[in-house]
Amino acid sequence: MTEQMTEAPMTLLDTTTWTGKIHSTSWRDGSDGAITVREPATGETLGTVGGASREDVLAASRAASAAQKEWAARSPRERAAVLRRAGQLFEEHAEEIGSWIISETGAIPPKAGLETTIAADECYEAAGLPTHPQGEVLATNDDRWSQARRRPAGVVSVIAPFNFPLILSIRAVAPALALGNAVLLKPDPRTSVSGGVVLARIFEEAGLPEGLLHLLPGGRETGSAVVEAPEVRVVAFTGSTEAGRSIGESCARLLKRPHLELGGNNAMIVLPDADLDLAVSAAAFGSFLHQGQICMTTGRHLVHEDIHDEYVQRLAEKAETLPVGDPAREQVALGPIIDENQLKRVDSIVQETVLHGGRVVAGGIHDGPFYRPTVLTDLTEESPAWAQEIFGPVAPVMRFRTEEEAISLANGSAYGLSASILGDVGAAMRIADQLASGKIHINEQTVSDEAYAPFGGVGDSGNGSRVGGAAANIESFTELQWLTLRPEIAQYPF
């Protein structure tokens, strides 16, 4: 009896579905050719997605606007059900999605697992938004009822970066959809699968009606188009401060609302009584996780002079022991830098810092795309590695003498995204009240995120918390409308 051959089952991310495609009411060819997605560890091709032209974006925006009206009219139960199912699908397909995050971003498996877990959490949290109170009853001096009610903004554009492509897409996409909006999603072209295709496929399988989520990969021109499309009312951008300023200027000219989560040069203050073993562990995690390619990365270590030297020594020893390599093929702590341009930038900042008098205590070298975890000391506030956001696995360390000096140094950056304080809680509370930062973590390092907590920064780090938790999400993705009601038509003196 001849054994029958069976075809392998289709997977969520089966390449036959999306290769060379955009998703705009259906999977179809983009008008701007194809974008190659490469593995940063090896340079090998992982796949191709379609490139969206300006015309593709404008057509998607019109389709999104048309579909949004019917979606907003759906019952809260219907919208919530789609978001709950999306969360379940992220859990069911976590291994497959995680393997793409590892290959496409150079992430270690725990970081990939964090992304899929938070993606599910974001959907479950968003599923509660449709039934959350959507306004309030206002006082009035007239013979009427007066209300302030929340209405969907309409079409929301989401522009996401490469470093945490899934989280930094879904945290805006999920609440925007839940609150009755349609979404244009432009992922970073380097991570168009885990930051784009994954979301399109998840919501497709979750039963989201066509026309509500458009996947539009591309570069700068595509990004400009998703900002400028006439139907777009809100732009949620995560990325560099330079690009954020440009988007903010465009939104101001076009009278659109920008939600900007930008860069960071985050300070961790280590007080004299801090447990050094725990502090160094926190420091290494904060500076070296995902090769330092995180907006919340611990970018400046402020260490009390009594423990500075030992802290530097222990952190350098820790850095030297951390294995660096290809996380898709071996067990490592750090993977590759995303591309050659970013690798050159990281190394240039380190080398310029040395020319300005800084000292490399560990690292400062790379083998191909793999940059060694690096510890720098003997710095000033003008040292490039201290003054700039590096976006690499570099830990610059500076000593301080008094709390006042630590506060001054921590606030001496144009950025204000995240800060942490390690040591005595009483002293940490005094210091925390004087730091200009969107987030402050006491006895934790600077990298932390939850679907239920507001996320955002001040200064060059953005225009405040625009995602995270019901209050921020409802404020971000709805418009406030005044509504009055009388029992009969009012009488007027005209």
Side-chain angles (χ1 to χ4, degrees), residues 7-24 27-53 56 93-109 111-112 115-116 159-169 185-202 204 215-223 239 290-291 293 324-332 334-346 366-371 391-392:
E7 293 184 6
M10 294 279 286
T11 63
L12 178 77
L13 301 176
D14 191 292
T15 55
T16 58
T17 301
W18 52 266
T19 294
K21 309 288 186 182
I22 65 174
H23 187 267
S24 186
W27 290 100
R28 61 179 182 80
D29 294 339
S31 301
D32 202 26
I35 296 171
T36 300
V37 178
R38 300 188 185 279
E39 186 177 39
T42 64
E44 295 178 2
T45 297
L46 295 171
T48 60
V49 296
S53 67
D56 288 330
H93 296 280
E95 183 176 354
E96 182 185 4
I97 296 169
S99 68
W100 270 96
I101 294 172
I102 291 167
S103 296
E104 193 177 29
T105 76
I108 60 175
K111 183 264 190 185
E115 288 217 54
T116 55
I159 305 174
F162 72 84
N163 55 332
F164 274 72
L166 178 54
I167 291 176
L168 300 181
S169 293
L185 172 60
K186 195 207 86 68
D188 188 294
R190 293 167 290 187
T191 51
S192 291
V193 178
S194 49
V197 172
V198 166
L199 285 87
R201 288 289 296 121
I202 286 285
E204 191 175 28
L215 172 60
L216 304 164
R220 186 183 299 271
E221 184 177 353
T222 307
H290 197 46
Q291 302 77 263
Q293 298 173 125
V324 181
D326 183 351
R329 295 167 178 84
E330 54 186 321
Q331 187 171 345
V332 296
L334 285 80
I337 301 297
I338 189 66
D339 61 21
E340 182 70 18
N341 287 337
Q342 182 59 23
L343 179 72
K344 289 179 178 178
R345 183 178 184 278
V346 172
H366 65 95
D367 181 10
F370 306 104
Y371 206 90
F391 232 63

Open item on the list: Restricting to salt bridge (charged side-chain N to carboxylate O under 4.0 Å, His left out), what partner residues turn up for Arg345, sequence neighbours left out?
Closed with: none
Task: Any donor-acceptor N/O pair, Trp18 side chain to Val49 backbone, under 3.5 Å - done: no
- [ ] Check the side chains of Ser53 and Asp56 for a donor-acceptor pair under 3.5 angstrom, ignoring hydrogens and angles.
- [x] yes
TODO: Please answer whether the main-chain N or O of Ala52 pairs with a side-chain N or O of Thr222 as donor and acceptor at a distance below 3.5 Å.
DONE: yes
TODO: Drop me the distance from Thr36's OG1 to Glu44's CD, to the nearest 0.5 angstrom.
DONE: 13.5 Å
Task: Separation between CG of Asp188 and CD1 of Ile159, rounded to the nearest 0.5 Å - done: 11.0 Å
TODO: Quick one: pull up CG in Asn163 and CZ in Arg190 and give me the separation to the nearest 0.5 Å.
DONE: 9.0 Å
Open item on the list: I'd like to check Val197 versus Trp27 (side-chain heavy atoms, cut-off strictly below 4.5 Å). Are they in contact?
Closed with: yes
Open item on the list: For a 4.5 angstrom cut-off between non-hydrogen side-chain atoms, does Thr19 reach Thr48?
Closed with: yes
- [ ] Report yes or no: does Asp326 contribute a side-chain atom to a donor-acceptor pair with the main-chain N or O of Ala41 at less than 3.5 Å?
- [x] no
Open item on the list: So, using salt bridge (charged side-chain N to carboxylate O under 4.0 Å, His left out) as the criterion, who are the partners of Glu115 when residues are at least two apart?
Closed with: Lys111
- [ ] Salt-bridge test for Glu96 and Arg201: reply yes if a basic N is under 4.0 Å from a carboxylate O, no otherwise.
- [x] no
Task: Whether Phe162 and Phe391 hold their rings parallel, tilted or perpendicular, with breakpoints at 30° and 60° - done: perpendicular
- [ ] Please name the pair of heavy atoms, one in Pro327 and one in Gly106, separated by the smallest distance, quoted to 0.1 Å.
- [x] CG-O, 3.5 Å
Task: Set of residues satisfying salt bridge (charged side-chain N to carboxylate O under 4.0 Å, His left out) with respect to Asp32, sequence neighbours excluded - done: none
Task: Shortest non-hydrogen separation from Ala112 to Ala107 and the atoms involved - done: N-CB, 4.5 Å
TODO: Find the distance between CD1 (Ile101) and NE2 (His290) and round it off to the nearest 0.5 Å.
DONE: 9.5 Å
TODO: Say whether, by atom type as modelled, one donor and one acceptor occur between the side chain of Glu104 and the main chain of Val37 under 3.5 angstrom.
DONE: no
Open item on the list: Rounded at 0.5 Å granularity, tell me how far CD in Gln291 sits from CD1 in Ile338.
Closed with: 9.0 Å
- [ ] Please report the closest heavy-atom contact between Leu343 and Ile337, naming both atoms and the distance.
- [x] N-CG2, 3.6 Å
Open item on the list: Taking atom CD as the centre, does Glu330 end up with more than 12 heavy-atom neighbours from other residues, nucleotides or ligands that are less than 6.0 angstrom away?
Closed with: yes
TODO: Search all heavy atoms of Ile22 against all heavy atoms of Leu215 and return the closest pair with its distance.
DONE: CB-O, 3.4 Å
Task: Gap between atom CD of Glu39 and atom CH2 of Trp100 - 0.5 Å precision - done: 10.0 Å
- [ ] Mind listing the closest non-hydrogen atom pair of Pro165 and Ser169 along with its distance?
- [x] O-OG, 2.9 Å
Open item on the list: For a quick test of reading the model, state the closest non-hydrogen atom pair linking Ala328 to Ser103 and the distance between them.
Closed with: CB-OG, 4.2 Å
